[in-house]
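Lettering of chains follows the sequences in order, A, B, ..., and the numbering in each one begins at 1.
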2 protein chains.
Amino acid sequence: MDLKLATEIGKCLSNNPRLQILEWLKEPEKNFPPHETLKHFNDGVCVTYIQEKAGLSQSTISTYLTNMEKCGLLIMTRHGKWSYFKRNEELLRQYAEFLL
Amino acid sequence: MDLKLATEIGKCLSNNPRLQILEWLKEPEKNFPPHETLKHFNDGVCVTYIQEKAGLSQSTISTYLTNMEKCGLLIMTRHGKWSYFKRNEELLRQYAEFLL
DNA sequence: TCTATATATCGAGAATTATAGATATATTGT
DNA sequence: ACAATATATCTATAATTCTCGATATATAGA
């Protein structure tokens with residue numbers, strides 16, 4: 001973890017909706033409905049559910065999730081036409097360690 | 001630690017100079033000269049030394065440090081005409097815990 | 001292939017942040 | 001009280017971020 005990456009992570013964490021999403025994804029099964037097709041939360045939650053819960057536009061949420069994935073905060077898995085996002089706990093631990 | 005505070009902390013951590021300052025303050029004695037008047041680093045480092053090392057204007061650094069102090073990331077102690085800033089390790093731990 | 005659904009990307013205007021210089025305030029020493 | 005030094009605050013401009021609607025791409029099913 002270097003300063004540059006840590007700053008990028010900080011940018012993702014500096015905005016209310018993004019931070020809220022990261023919190024929701026701590027417990028997907030408590031915060032989101034079960035997906036009709038996929039029966040588990042192993043790979044997280046699809047964009048539409050996150051978008052609906054956040055109440056922002058589809059493009060905004062898609063951009064947020066993509067950005068968070070680019071700096072490593074989220075891990076994306078594609079299943080058919082859905083993109084699932086889950087937290088990257090390992091990177092979060094590294095970031096927390098960097099701060100302390 | 002609630003979402004609102006965590007977002008404010010994230011904002012402080014989302015900018016290179018501020019994050020760098022927080023890193024420098026992990027080891028003040030390695031990153032800053034000893035102060036002429038105060039002989040220890042118990043309360044951190046004065047604004048001028050941080051400003052010189054960061055290479056940004058006095059007003060910018062003063063604003064940054066004040067903002068970081070307001071959200072609790074830094075602790076300020078006034079000694080005569082100098083303001084010393086040090087890390088608030090306790091809040092950093094709480095923030096790290098919030099993220100994980 | 002055509003249609004519907006899910007997600008991603010593009011382009012733009014509004015809002016916020018970064019940063020500086022000027023000025024104000026606080027403290028110390030003469 | 002006055003001068004010097006350290007820090008804080010004010011004001012303004014440039015840069016970045018926020019957020020959206022429009023559009024493009026990808027996938028699945030009829």
Side-chain angles (χ1 to χ4, degrees), chain A residues 3-4 7-22 25 32-38 41 43-71 73-86, chain B residues 3-4 7-22 25 32-38 41 43-71 73-86:
Chain A
L3 195 70
K4 191 168 152 55
T7 304
E8 290 310 306
I9 293 172
K11 285 181 185 177
C12 285
L13 303 177
S14 72
N15 155 290
N16 206 277
R18 283 189 301 261
L19 192 54
Q20 176 71 83
I21 290 168
L22 205 64
L25 290 177
F32 299 97
H35 197 272
E36 294 168 25
T37 305
L38 213 59
F41 287 100
D43 294 319
V45 180
C46 72
V47 179
T48 302
Y49 287 0
I50 296 173
Q51 189 249 308
E52 283 171 355
K53 180 139 184 154
L56 292 170
S57 76
Q58 185 270 324
S59 69
T60 296
I61 295 300
S62 177
T63 303
Y64 282 177
L65 294 173
T66 301
N67 287 347
M68 287 194 267
E69 195 253 342
K70 272 179 185 150
C71 77
L73 275 174
L74 297 180
I75 295 169
M76 182 183 79
T77 310
R78 187 102 191 188
H79 286 284
K81 52 183 176 178
W82 294 279
S83 294
Y84 291 79
F85 289 89
K86 69 175 171 185
Chain B
L3 194 70
K4 190 169 153 54
T7 304
E8 290 309 307
I9 293 172
K11 286 183 185 178
C12 284
L13 302 178
S14 72
N15 153 290
N16 206 278
R18 283 190 301 260
L19 191 55
Q20 175 71 82
I21 289 167
L22 205 64
L25 289 178
F32 298 96
H35 196 273
E36 295 167 25
T37 305
L38 212 60
F41 287 99
D43 294 319
V45 180
C46 71
V47 179
T48 302
Y49 286 0
I50 296 173
Q51 188 248 309
E52 284 170 356
K53 181 142 183 149
L56 292 171
S57 77
Q58 187 270 325
S59 70
T60 296
I61 295 300
S62 177
T63 303
Y64 282 177
L65 294 173
T66 301
N67 287 347
M68 286 195 267
E69 196 254 341
K70 271 178 185 152
C71 77
L73 274 174
L74 297 181
I75 295 169
M76 182 182 79
T77 310
R78 186 102 191 187
H79 286 284
K81 52 184 176 177
W82 293 278
S83 294
Y84 290 78
F85 288 89
K86 68 175 172 186

Between A/M68 and A/I21, which heavy-atom pair has the shortest distance, and what is it?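 Closest pair (atom of A/M68, atom of A/I21, distance): CE-CG2, 4.3 Å.
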
Just the rounded figure in Å: distance from [atom2] of [N] to [atom1] of [X].
X: A/N16; N: D/dC18; atom1: CG; atom2: C1'; result: 13 Å
X: B/M68; N: D/dA8; atom1: CE; atom2: C1'; result: 15 Å
X: B/Q51; N: D/dA8; atom1: CD; atom2: P; result: 12 Å
X: B/I21; N: C/dT19; atom1: CD1; atom2: C1'; result: 13 Å

When the nearest nucleotide of DNA chain D is assigned to A/L56 and to A/G80 on a heavy-atom basis, which residue is associated with the more 5' position? A/L56

Listed by chain and number, what are the side-chain hydrogen bond (donor to acceptor under 3.5 Å, both in side chains) partners of B/Y84, not counting sequence neighbours?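 Applying side-chain hydrogen bond (donor to acceptor under 3.5 Å, both in side chains) to B/Y84 gives B/H35.
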
Please name all residues satisfying side-chain hydrogen bond (donor to acceptor under 3.5 Å, both in side chains) with B/S62, sequence neighbours left out, ordered by chain then number. none

Contact state string [nucleotides 4-17 of chain C, B base, S sugar-phosphate only, - no protein heavy atom under 4.0 Å]: -BSBBB-------S

If the helix axis at each end comes from five base pairs, how far does the helix from C/dT1-D/dA30 to C/dT30-D/dA1 deviate from straight, to 10°? 20°

Partners of B/N15 by side chain to side chain contact (heavy atoms under 4.5 Å, CB included), sequence neighbours excluded? B/P17, B/R18, B/Y64

For A/F41, give me all partners under ring-ring contact (aromatic ring centres under 6.0 Å, His included), at least two apart in sequence or on another chain.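 So A/F41 forms no ring-ring contact (aromatic ring centres under 6.0 Å, His included) with any residue.
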
